Colleague: 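A single structure is presented below for examination.
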Amino acid sequence: MHPPRELSPSLAPAPWQRAALGANLLAPDGSLGVTIFEEMTGLALRTGAINLGQGFPDEDGPLEIREAARAAISAGANQYAPGKGLPQLREAVAAHQERFYGLTINPDTEVIVTTGATEGIAAALLAFAGPGDEVLTFEPFYDSYGAVIGLAGATHVTAPLLAPDFQPDMAALEAAFSERTRVVLLNNPHNPTGAVFPRSVLQRVVDLARKHGSIIITDEVYEHLTFGVSHLPVACLPGAAERTITISSAGKTFSLTGWKIGWLSGPAELVAAARTVKQFLTYSSGTPFQAAIAAGLALPDAFYTGIAADLEHKRNILRQGLAAAGFDVFSPQGTYFINVDTAPLGIEDSVDLARRLPALVGVAAIPVPVFCHPEGAARTRSLLRFAFCKRTEVLEEAAERLATLSGRL
Ligand code: GLN
């Protein structure tokens with residue numbers, strides 16, 4: 001065995017890589033660290049805490065979809081899929097968009113399969129944004145957005161979402177647009193806040209994007225996880241379709257986050273540009289999983305309404321537990337995340353609390369400031385995100401543990 005070697009300077013991250021990956025990924029010694037999700041999942045595993053941090057379900061998705069993947073493997077679907085995805089999955093995505101939203105897309109030219117939504121986001125951003133361009137997102141924002149905007153060499157501009165309902169400040173949104181706004185990157189329903197944006201907000205974004213000649217990339221991975229409101233794809237709004245790339249993923253809808261099958265759709269020339277990038281990121285995505293997800297997308301409407309109703313019930317259990325523990329709770333209309341303000345318990349710094357929470361009460365969560373730039377992090381300093389995509393008995397146990405927090409601080 002050779003002793004581990006120091007990284008040579010040429011292997012250390014370059015300054016631009018550090019900037020791209022963000023302060024959240026830098027360890028105190030300046031070396032690259034892991035994402036907050038990995039850090040908190042690692043901490044939960046080491047301490048045996050209930051993991052309400054990283055968003056993944058603790059029950060696997062429908063048996064028939066898992067069996068379809070097994071059958072596809074047995075039938076020999078084990079070599080590269082076509083770069084743009086298996087025809088049956090592209091057709092299933094087109095049928096899904098028609099069934100739920102009345103959107104007609106050509107499965108041959110207007111949809112590609114990606115390795116999770118993560119790759120779809122990266123391919124679309126790298127295709128359209130570069131140095132000198134601005135990419136506008138709401139803030140807080142999902143962590144990969146900041147990283148990929150940085151990797152593209154573009155400038156990340158944000159417009160704040162404000163508690164308690166996490167809707168945008170419309171004047172700030174308008175002011176955040178400029179003649180350099182190349183892409184507006186939306187996320188609806190929104191991670192980490194759980195906000196669902198109403199038609200009026202989405203239409204305003206579309207109108208501003210048209211005025212400034214911006215492309216819209218919309219991440220709608222939580223499209224089927226809404227409570228009491230229906231999902232409205234941006235691409236359905238007047239003036240949006242010709243400039244919008246819509247991204248989704250099987251991970252959330254089917255509780256199969258480890259399969260990493262996603263897709264993007266939109267006008268043929270926009271999709272072709274994203275596809276050009278995708279072919280050099282992964283070339284193609286897991287063949288047997290694509291076949292199985294094609295079958296999954298054909299599940300009846302009752303499946304889709306069932307997952308939302310089940311999650312709403314889970315949200316209610318955790319919401320009640322968090323309120324009983326003394327937090328101010330912001331009730332989400334979508335996603336499987338719920339945010340709380342820790343200030344009523346006298347806690348000002350949620351990053352510090354998240355690092356101590358597993359040892360204090362045996363529950364892990366994600367601090368909201370890690371989804372922000374410094375100014376937004378100051379605004380969200382006492383906010384903490386909990387995931388509720390867990391079995392009800394796990395949520396009840398977590399609530400009981402959290403009820404002891406105020407006595408342990
Ligand atoms: N989307 C998941 C979350 O927000 C995490 C996925 C990841 O670890 N990158 O918790």
Side-chain angles (χ1 to χ4, degrees), residues 20-22 24-25 32-45 49-61 114-123 125 137-151 161 166 185-196 218-225 247-262 281-282 285 311 314-315 318 330 332 334-340 350-351 354 357-358 363-372 376 380 383-390 394-395 398:
L21 293 170
N24 299 327
L25 276 181
L32 284 177
V34 297
T35 72
I36 187 70
F37 305 116
E38 245 184 279
E39 179 185 343
M40 289 303 154
T41 290
L43 191 56
L45 286 171
I50 296 175
N51 188 356
L52 304 188
Q54 192 176 29
F56 62 89
D58 62 357
E59 288 177 299
D60 293 336
T114 56
T115 302
T118 307
E119 191 197 28
I121 293 159
L125 281 173
T137 73
F138 289 138
E139 182 175 15
F141 51 84
Y142 183 58
D143 70 338
S144 84
Y145 300 174
V148 178
I149 293 165
L151 289 170
L161 299 176
F166 297 108
L185 173 53
L186 277 175
N187 173 211
N188 185 41
H190 184 262
N191 181 9
T193 65
V196 172
T218 176
D219 172 351
E220 303 185 3
V221 296
Y222 298 102
E223 61 186 318
H224 290 292
L225 312 184
I247 294 173
S248 195
S249 163
K252 318 292 159 182
T253 301
F254 300 116
S255 292
L256 294 166
T257 61
W259 286 19
K260 299 297 292 186
I261 297 295
L281 293 176
T282 57
S285 309
L311 260 184
K314 293 177 175 190
R315 176 200 66 175
L318 189 61
F330 306 112
T335 78
Y336 38 54
F337 303 114
I338 191 163
N339 285 232
V340 301
S350 63
V351 175
L357 200 60
V363 177
I366 302 283
V368 175
V370 303
F371 299 96
C372 297
T380 56
L383 303 190
L384 198 57
R385 188 197 82 173
F386 291 86
F388 54 86
C389 45
K390 307 290 172 182
V394 173
L395 296 172

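It should be emphasised that the depicted structure is a prediction, and the values quoted were computed from it without experimental measurement. Whatever order the structure lists them in is the order used to number ligands and atoms, beginning at 1.
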Colleague: Could you tell me whether the side chain of S285 and the main chain of T115 form a donor-acceptor pair under 3.5 Å?
Modeller: yes
Colleague: Is the charged tip of K252 near the ring of F56: under 6.0 Å from the six-membered ring centre and within 45° of its axis?
Modeller: no
Colleague: Under 30°, 30 to 60°, or over 60°: which ring-plane class applies to F330 and F166, parallel, tilted or perpendicular?
Modeller: perpendicular
Colleague: Main chain of P140, side chain of H190: is a donor-acceptor contact present, judged purely on distance under 3.5 Å?
Modeller: yes
Colleague: List, for ligand 1, each N/O atom that has a protein N/O partner under 3.5 Å away, with both atom names and the distance.
Modeller:
residue  : atom   : partner : partner atom : Å
ligand 1 : 1 (N)  : Y142    : OH           : 3.3
ligand 1 : 4 (O)  : N191    : ND2          : 2.9
ligand 1 : 4 (O)  : R385    : NH1          : 3.0
ligand 1 : 8 (O)  : Q54     : NE2          : 2.7
ligand 1 : 9 (N)  : Y142    : OH           : 3.3
ligand 1 : 10 (O) : G55     : N            : 2.8
ligand 1 : 10 (O) : R385    : NH2          : 2.6

Colleague: Between I149 and T137, is the side chain to side chain contact (heavy atoms under 4.5 Å, CB included) condition met? List the steps.
Modeller: CA-CA 10 Å; I149 293 165; T137 73; 4.2 Å; yes
Colleague: Given L52, which partner from the list L384, I366, L318, L357 fulfils the side chain to side chain contact (heavy atoms under 4.5 Å, CB included) test?
Modeller: L318
